Amino acid sequence: MSNAEAGRYMRASAPRVPQVHLIETTHGGNLFVADGSRLFAAGSDLYGRFEAAVAIGDEHGIATLLERLGLGGSPLIDDAPLAQPAIHALSLAIAQKCNLGCTYCYAQQGEFGGAAKNMPLEEATKAVELLVHGAEEGARLNLAFLGGEPLVNRTVLYAATLHAKQLAERRGNPITFSITTNGTLLTDADAEFFEAHGFAVTISLDGPRETHNLLRPFKSGSGSFDAIIQRIRPLLALQRRMQVSARVTVTPANLELRRALDEFIEMGFHSVGFSPMLSSPSGLGEMQSADLEITLGEMIDCGREFERRTLNRERYPFANMVNAMREIERGTHRPYPCGAGAGYLGVSAEGDLSACHRFVGDEAGAMGTLNDGIDRKRQTEWLTERHVHRQEPCRSCWARYLCGGGCHHEVIHRGRPACDYIRGWLHYCLEAWLRLPRTAVNQMPSASNAYSSSSA
Amino acid sequence: MPALMCGADNSYLALTYRQIDTIRKVAEEAPFRNESAHQEPGPDSLTALNLTAQLHYEARGNPISSRPVTSVANCCPGLEVDFRAVWRRMFTGIVLREYDNLVMEIDPDVSDRKIKALLGRQLLRVRLKEEEKLPLEKQQKFLMMTPIKGPASSDPDGEIALTTQFNPNGLAAVEWSNALTHILSGHQGKIVRCDFTRRLPEDQKDIRQPLIDDPPNFVTLELEVRKFFDPDTAVISKDLASAGELTQGLCSPWQNDYRECSCYYWASARPDYVNVEPAGNGLSKGDNWFQKVHGTGVYVPDDYIDSRLVLYDELFLEWEHWLRFQVGGKDYNEGPSQDSECPPSQSATDE
C-alpha cells in the first residue's frame, strides 16, 4: 500500500466533530456515534444531512439530528472517574535485569534506570496475596510476569504461579497467567510448565532475522534471533492450553510489517501483533509522523490480507485486526485506554506498586507499596486525571472511546504523536468490519489483549 | 438486562449499579425530552449494526423506558415485560417456572424417559460438565434455592432465618439472572449437569426442601444450555420465548393489581405522570394518569380514596372509558368526550 493511500486514510479520519464519524462504503453511508461506539447504516438522505453538518462542523445541528433519531440524551460515559475497582490483574517485574540490549527499551535494559535485581519470593508471595485476597467473589484474575527478562528469576516465577493457583482455587476465583519474554532463556521444562498452567506466552520479536538482530541484540552485540527460534519451537509445538504469541515493537528500523506477520504466522504463533514505539527513555527508536504514515500503510496492507483470508475461511491471526473487529462488533466504549491504575497494577522487584508494568520505578505512576497497600488517594487522583474527558485534544475526537486517550505511559512521557495513525487505523477497521460478513467476524478466535490499547 | 423487582410474594430487588446510574440519568431529562423525537422521515433511514447500537436503540415512537436497560421489567404481575419468562426454556427439553424452579412442561419432541420423568420436579442446582470427575466438594455449584435471612420484628437489627409455617426451612428460589450468570457466561450451547428433586413435591411446603448431598436427595441429568441471543445480534432468542410470552404475565386493567400499585410504578406502558410540561420554576407540572380530569396541571396524589381519581370499581367496570392512550407522554386526542367526568353509561342516559 502506498504512503499516499495511508495519507488519505489519515485525512478521511481527521476529527471534525466530537459526536460522530462518517464512513462510506460501496454499500452506502454509515454513521459511527462516538457515545457508545454505536454503528449504524444510514439512508442516503439522512447520511447527506450528517455529511453537510459535519462538513461545516455544525455540532448543534448534529446534536439535533441525533436527538431526533433517539440517539441523544445523557451520554453513556459521563465525567465521573471510575470508582476504585478491585484489583483483578497484577504484573510482576520479577526480574529487573535482562540479557538483551534493545536500544529503545522502556525498561532501560530491564533495570528501569536502577540497579539490576530479582524480586525475592517474599515480595512475589505478598503480591499474589494482594491479588487474590483483594479479589471480588468469583472474579477472573490474571497474574502476569514481566521484566526485564522474567525467566532470569525462574524459581520465583514458578513458585508465585503455584501459590497463586492454590490461593485462587481455594477462594473460587478462576486465574490465568501470562508472561512476556525475550525467549532467549526458555527451556523444555518451561514449555511444560506454561502448558500445564495455560499461560499466555508473548515472545518479543521485532521481525525477520536481520531486522530482529539489529534491534534486539544480546548485550554482547551478537544477534539473538536464532537462539530464540530454537528455544520457542518446543512451545509452538506443545501449545494447547498455552497460547504463544509474537509481539513486534515497531520502530523506524523495522517498518516491513507484512513480511514479519506472514513469517511468524507461518511459524505457528497463536497470534501476531504490532505495537509502535512511541516513547523510549533515550528517545532512540521513537516513531515520527512519517514513520507512522508508513506503518499505517503496512498495517492496512496486513488488514487487507486478513480480510481476504477471512473470506476464504482461512485462519490469519493478525492480533491487532482480530481485536479491532471484536471491539467494533461489541461497541467497546471506555473512558481509559486500559486498566492501568484501576483494576490492573504493576509491582516492582522491591515491592512498589505502580499504575502498570511500564511505570516501575517511575514516580508519575506510583500507586503505593505491597507493605502499605494501594495508595487510594493517588489512585483516585490518577483515575480522575486520566479520564479521557480530561484529555486534550481527545475530548473533541470521535475516536476517544475506542482509543481511550492513548497509553498513559506514552502520553505522559511524549504526548500524543500518533493520533492520526490511530484514527486512520480505526477508520480502516470500521470499513473492514462493515465489509466482512457478520458470521466471519463472530467466528474469529480471540487474540492476545496485548495490542488492544493505543496501538489498537 | 432489565432491572428486576418483586412484589409481595418474595423480597428480591435486583438493580445493578449500571442500571441505577442509567435510571438516574434518564430521570434527569426524561420529562422534557424533545417532543419531535423519532420524527425523522424516510423509510429504514437508520439500521443498528453493532451490539451497542442494537442494545441502546430506541425504536421510533417508543419511550426511553422501552430499552432493556432503562425498563423496570418483571414483577408480580409485571411491567413492560415479565422478564422471568425468558428463563423458562433456558435448558433444552424442559419448560421451567422461574418462581419456584418447577418443571412445568416437557418439549413434545423429547423421547428420553429420564427427561420426561422431570415433569413436576424442581431444579435445585446446576454444575459444570467439565468438573464431572472432580469430587463434589471441589465442583462449582450454582444453587437455584437459597436460605432467606433478614431482620425479625423482635430483632430489627439482627439476621435470622426467615421461616414460615409453609416454608419451615426458610428457602427461596434465587432470582435467575443472578443464579445463572456464570452459566450464561461461557456455557451457552454447552451441556451442564442439573440436579432435580428426586421425588415429586406433594404440596407448597414440599417444594422448599433443602438439597442434601449425602445421601443425595436429587437426580442429575445433563441438559444443554440454550443460547440467549439470536446469532450475531442482541435480540433475545426466539427459542427462549415465543411471541407474546414476555407480556402474557402482565396484569390487565380489570385486575386489582393494576390499580393497587400506584406512583410511577407503571413505567412506560401505563405511565403515571402525564401531560408533563416545564413549570417555569425549574420543576414540572402535569397530571396523574388516574385523574378523571386531565389538563389541570395539578398532580393528585393517590390515596386510593380521593374521588378525583379513578377508583377500583370505576376501573373494573369502566376501564375502557377512563384509561387513555398516551402518545409522546400526552393524552391522545380521541374526541370531545375525552375529558368528560361521566362514564359512558351515564353519558348515554343524559343524552
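Here is the naming used below: chain letters follow the sequence lines, and residue numbers restart at 1 for every chain. Computed from a predicted model, the values in this text were never measured in an experiment.
Interatomic distance, NE2 of B/His56 versus CG of A/Leu71, reported as 11.0 Å (0.5 Å rounding). With rounding to the nearest 0.5 angstrom, the CZ atom of A/Arg38 is 10.5 Å from the CG atom of B/Leu55. Taking CG of B/Leu51 as the start and CD1 of A/Ile328 as the end, the distance is 12.0 Å to the nearest 0.5 Å. How far CD of A/Glu169 is from NZ of B/Lys138: 7.0 Å, rounded to the nearest 0.5 Å.
Across A/Leu430, A/Thr332, A/Leu39, a single residue satisfies side-chain contact (heavy atoms from CB on, under 4.5 Å) together with B/Asn50, and that is A/Leu39.
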Inset, instruction - Starting from the C-alpha separation in whole Å, work towards a yes-or-no answer on side chain to side chain contact (heavy atoms under 4.5 Å, CB included) for B/Thr52 and A/Arg330. - result: CA-CA 6 Å; B/Thr52 41; A/Arg330 292 174 179 170; over 6 Å; no

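When the shell of 6.0 Å around CD of B/Glu137 is examined, it contains more than 12 heavy atoms from other residues, nucleotides or ligands. Annotation for A/Arg395: atom CZ does not count as buried by contact number, only 12 or fewer foreign heavy atoms lying within 6.0 Å. Around atom CZ of A/Arg376, more than 12 heavy atoms belonging to other residues, nucleotides or ligands sit under 6.0 Å away. Residue-environment remark: CD (A/Glu51) exceeds the threshold of 12 foreign heavy atoms within 6.0 Å.
Neither the backbone nor the side chain of A/Arg170 comes within less than 4.5 Å of any heavy atom in chain B.
Every residue was checked against the ring-ring contact (aromatic ring centres under 6.0 Å, His included) condition with A/Phe40, not counting sequence neighbours, and none meets it.
Residue pairs meeting the side-chain hydrogen bond (donor to acceptor under 3.5 Å, both in side chains) criterion with at least one member in residues 182-191 of chain B, sequence neighbours excluded: B/Glu130-B/His187.
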